[in-house]
Every structure is written in structure tokens, then in C-alpha cells.
Student: 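One structure is given below, represented as C-alpha cells, and several questions about it will come after.
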Amino acid sequence: MEKTSKNIILIGFMGSGKTSVGLKLSYKLRRPVEDTDKLIERREGCSVSEIFARRGEAYFREQETKLLEDLVRTGHECIYSVGGGTPVRPCNRPLLRQLGTVVYLRAQPETVYERLKGDTTRPLLQCEDPLGRIRELMESRREAYETCAHLTLEVDRMAPEAIAEAIETYLPGAHG
């Protein structure tokens with residue numbers, strides 16, 4: 001396994017709990033938590049939805065890669081919650097692993113659908129059959145998530161606190 005920094009990187013499909021778990025971990029480990037989508041929004045001066053509408057998904061994915069390259073150079077002891085599509089670009093996977101310990105929060109499509117139904121801020125789910133779209137996207141991203149992760153957790157029946165504890169237990173040096 002390549003040398004990793006003390007960062008924790010949370011990956012998974014939208015609605016898998018990355019934001020909630022990141023906040024719990026931040027509190028437990030006394031480390032800052034950053035959402036890469038929010039970092040990109042700050043850089044671009046507009047929301048992810050606006051970036052998709054104005055510049056397209058390809059442009060947004062480029063910005064994700066540029067941000068990861070910057071974080072690999074500068075990020076220290078932070079928890080990063082990354083956008084659900086970030087690991088899909090092959091060039092992002094080694095960057096994520098370089099950035100720190102990558103934890104894949106794996107949820108079932110039905111769990112994601114229940115959590116996100118009615119959320120109009122998710123550009124990829126604005127369609128006729130959101131559950132079908134979730135299944136399709138999750139399957140297309142599965143291999144990317146799995147090959148990128150140091151640790152995979154099944155999160156459907158786990159509370160964010162329990163997920164944070166499982167991650168803390170996994171981390172090097174967590175046992176004193």
C-alpha cells in the first residue's frame with residue numbers, strides 16, 4: 001500500500017452519508033472537514049448546479065481533478081468529503097489515494113433514493129425515473145469506488161456515529 005497522509009477521504013454515491021459522517025469524524029478526531037464540491041463552488045463563485053448548467057459536466061470534472069492535485073500538494077490532517085463522481089475519472093483515483101485513507105461508503109440504490117427523493121439540487125437526478133438513474137449510475141461507478149478505496153463500509157443500516165467509529169478503528173495508530 002502506498003504511503004498516505006493523515007487525511008481521510010470519504011467517497012461514495014450522493015446520499016451515502018459522506019457529509020454526515022465527515023462531520024462526526026471531524027468532531028471525534030478534532031480535524032477540519034471539507035466538502036470538495038463546496039471548495040469548487042468557492043473557487044468558481046457559483047453552485048455545482050450552475051457550473052453544470054453553464055459549463056457542463058466535463059468542465060466540472062476537470063475542476064475536481066485540479067482541486068485534488070492542489071490538495072495532494074497542500075492538504076494536511078483533514079477529512080475530505082468528495083463528490084460522488086470524483087473517483088470515476090481514472091486520473092483521480094491515484095490522487096485520492098495519495099491524498100489519504102480512502103473510505104467508500106457503500107449504500108443500496110433504494111437507500112439513496114429514499115434519502116434524496118425531492119432534492120432538486122442534484123443535477124444528475126433531475127429525470128423521469130430517479131431510482132432507475134441511481135441504479136444505473138451506481139453500477140457504472142462501482143468498480144471506480146471499489147478500486148479506489150482502502151476501506152469499504154456497507155452503510156445502509158448504520159448511523160453516521162457508528163460509521164465514524166468504524167473508520168476511526170480502521171485508521172493506522174487508532175489503537176494507541
Side-chain angles (χ1 to χ4, degrees), residues 1-43 47-48 63-89 92-119 121-122 134 137-138 141-142 144-176:
M1 185 169 104
E2 68 270 26
K3 184 181 182 296
T4 58
S5 74
K6 292 190 177 191
N7 294 311
I8 300 166
I9 296 72
L10 302 175
I11 67 169
F13 200 75
M14 61 182 112
S16 63
K18 299 181 299 284
T19 301
S20 301
V21 172
L23 291 170
K24 295 288 184 193
L25 274 173
S26 175
Y27 179 77
K28 287 175 83 52
L29 302 176
R30 291 173 174 54
R31 292 187 200 176
V33 62
E34 291 282 2
D35 180 312
T36 58
D37 283 355
K38 301 286 182 237
L39 293 173
I40 291 168
E41 286 177 344
R42 274 186 244 148
R43 283 182 169 192
S47 71
V48 170
Q63 299 318 299
E64 286 180 319
T65 301
K66 287 178 182 173
L67 177 64
L68 289 177
E69 290 167 347
D70 292 346
L71 293 176
V72 164
R73 282 192 299 275
T74 62
H76 303 289
E77 294 198 36
C78 192
I79 299 155
Y80 294 102
S81 170
V82 304
T86 305
V88 175
R89 285 188 94 188
N92 288 348
R93 291 177 216 152
L95 289 169
L96 287 163
R97 289 180 68 91
Q98 265 184 281
L99 186 57
T101 301
V102 180
V103 181
Y104 171 22
L105 305 182
R106 182 165 45 204
Q108 293 303 309
E110 295 74 16
T111 301
V112 170
Y113 177 73
E114 282 305 312
R115 291 177 182 175
L116 298 181
K117 65 182 179 190
D119 183 343
T121 66
R122 312 282 182 156
I134 289 167
L137 283 168
M138 287 179 91
R141 294 176 178 184
R142 185 177 52 80
Y145 290 156
E146 289 172 356
T147 59
C148 190
H150 294 99
L151 171 66
T152 298
L153 295 172
E154 301 291 339
V155 299
D156 294 288
R157 291 178 181 84
M158 290 178 80
E161 181 70 29
I163 298 166
E165 286 175 19
I167 294 168
E168 185 180 25
T169 301
Y170 174 82
L171 295 173
H175 305 291

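Here, residue 1 is the first one in the sequence, and each next residue gets the next number. For clarity, every value in this text was computed on a predicted model and none was experimentally measured.
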Student: Taking only residues two or more places apart in sequence, or in another chain, which ones meet E161 in a salt bridge (charged side-chain N to carboxylate O under 4.0 Å, His left out)?
Tutor: K28
Student: Does the pair T101 and Y170 meet the rule for a side chain to side chain contact (heavy atoms under 4.5 Å, CB included), with working shown?
Tutor: CA-CA 10 Å; T101 301; Y170 174 82; 3.7 Å; yes
Student: Return the SG to CG distance between C78 and L29, rounded to the nearest 0.5 Å.
Tutor: 11.0 Å
Student: Given side chains that start at C-beta, do those of V33 and L25 come closer than 4.5 Å, heavy atoms only?
Tutor: no
Student: Residues in side-chain contact (heavy atoms from CB on, under 4.5 Å) with R142, at least two apart?
Tutor: E139, E146
Student: How many angstroms lie between CD1 in I163 and CD in E154, if you round to the nearest 0.5 Å?
Tutor: 10.5 Å
Student: Can you name the closest pair of heavy atoms from D37 and D35 and give their distance?
Tutor: N-OD1, 2.8 Å
Student: Nearest 0.5 Å, please: how far is CE in M158 from CD in E165?
Tutor: 8.5 Å
Student: Are V155 and V21 side-chain neighbours, meaning at least one heavy-atom pair lies under 4.5 Å?
Tutor: no
Student: Please identify each residue that fulfils salt bridge (charged side-chain N to carboxylate O under 4.0 Å, His left out) with R157, with sequence neighbours left out.
Tutor: none
Student: Measure from the side-chain N and O atoms of R97 to the backbone N and O of C148, and report whether any donor-acceptor pair falls under 3.5 Å.
Tutor: yes
Student: Any side-chain to backbone donor/acceptor pair from N7 onto I79? Under 3.5 Å, distance only.
Tutor: no
Student: Going by the rule side-chain contact (heavy atoms from CB on, under 4.5 Å), which residues pair with E41 if we only count those two or more places apart in sequence or in a different chain?
Tutor: K38, S47, V48
Student: Using the ring-ring contact (aromatic ring centres under 6.0 Å, His included) criterion, which residues pair with Y104? Sequence neighbours excluded.
Tutor: Y145
Student: Salt-bridged, R43 to D70, with N to O below 4.0 Å?
Tutor: yes
Student: Could you tell me the separation between the CZ atom of R89 and the OG1 atom of T65, rounded to the nearest 0.5 Å?
Tutor: 3.5 Å
Student: With side chain to side chain contact (heavy atoms under 4.5 Å, CB included) as the test, would you mind laying out the steps for E69 and V72 before giving the verdict?
Tutor: CA-CA 5 Å; E69 290 167 347; V72 164; 5.9 Å; no
Student: Enter the distance from I40:CD1 to L67:CG here, rounded to the nearest 0.5 Å.
Tutor: 5.0 Å
Student: Residues in side chain to side chain donor-acceptor pair (under 3.5 Å) with T36, at least two apart?
Tutor: none
Student: Mind listing the closest non-hydrogen atom pair of R115 and G15 along with its distance?
Tutor: NH1-O, 2.7 Å
Student: Residues two or more places apart in sequence or in another chain: which of them pass side-chain contact (heavy atoms from CB on, under 4.5 Å) with T86?
Tutor: E64, L68, V82, N92, L96
Student: Given 3.5 Å as the limit, does a donor-acceptor pair link the side chain of R93 with the main chain of P87, or not?
Tutor: yes
Student: Distance check, rounded to the nearest 0.5 Å: I9 atom CD1 versus L95 atom CG?
Tutor: 11.0 Å
Student: Is the closest side-chain heavy-atom distance between E34 and L71 below 4.5 Å?
Tutor: no
Student: Would a distance-only check, ignoring hydrogens and angles, find a side-chain to backbone donor-acceptor pair under 3.5 Å from S26 to G22?
Tutor: no
Student: If you take all heavy atoms of T19 and S81, which pair is closest and at what distance?
Tutor: N-OG, 3.9 Å
Student: Under a 3.5 Å distance rule, please check whether K18 uses its side chain to pair with a backbone N or O of Y80 as donor and acceptor.
Tutor: no
Student: For P109, check side-chain contact (heavy atoms from CB on, under 4.5 Å) against everything at least two apart and list the hits.
Tutor: L131, I134, R135, M138
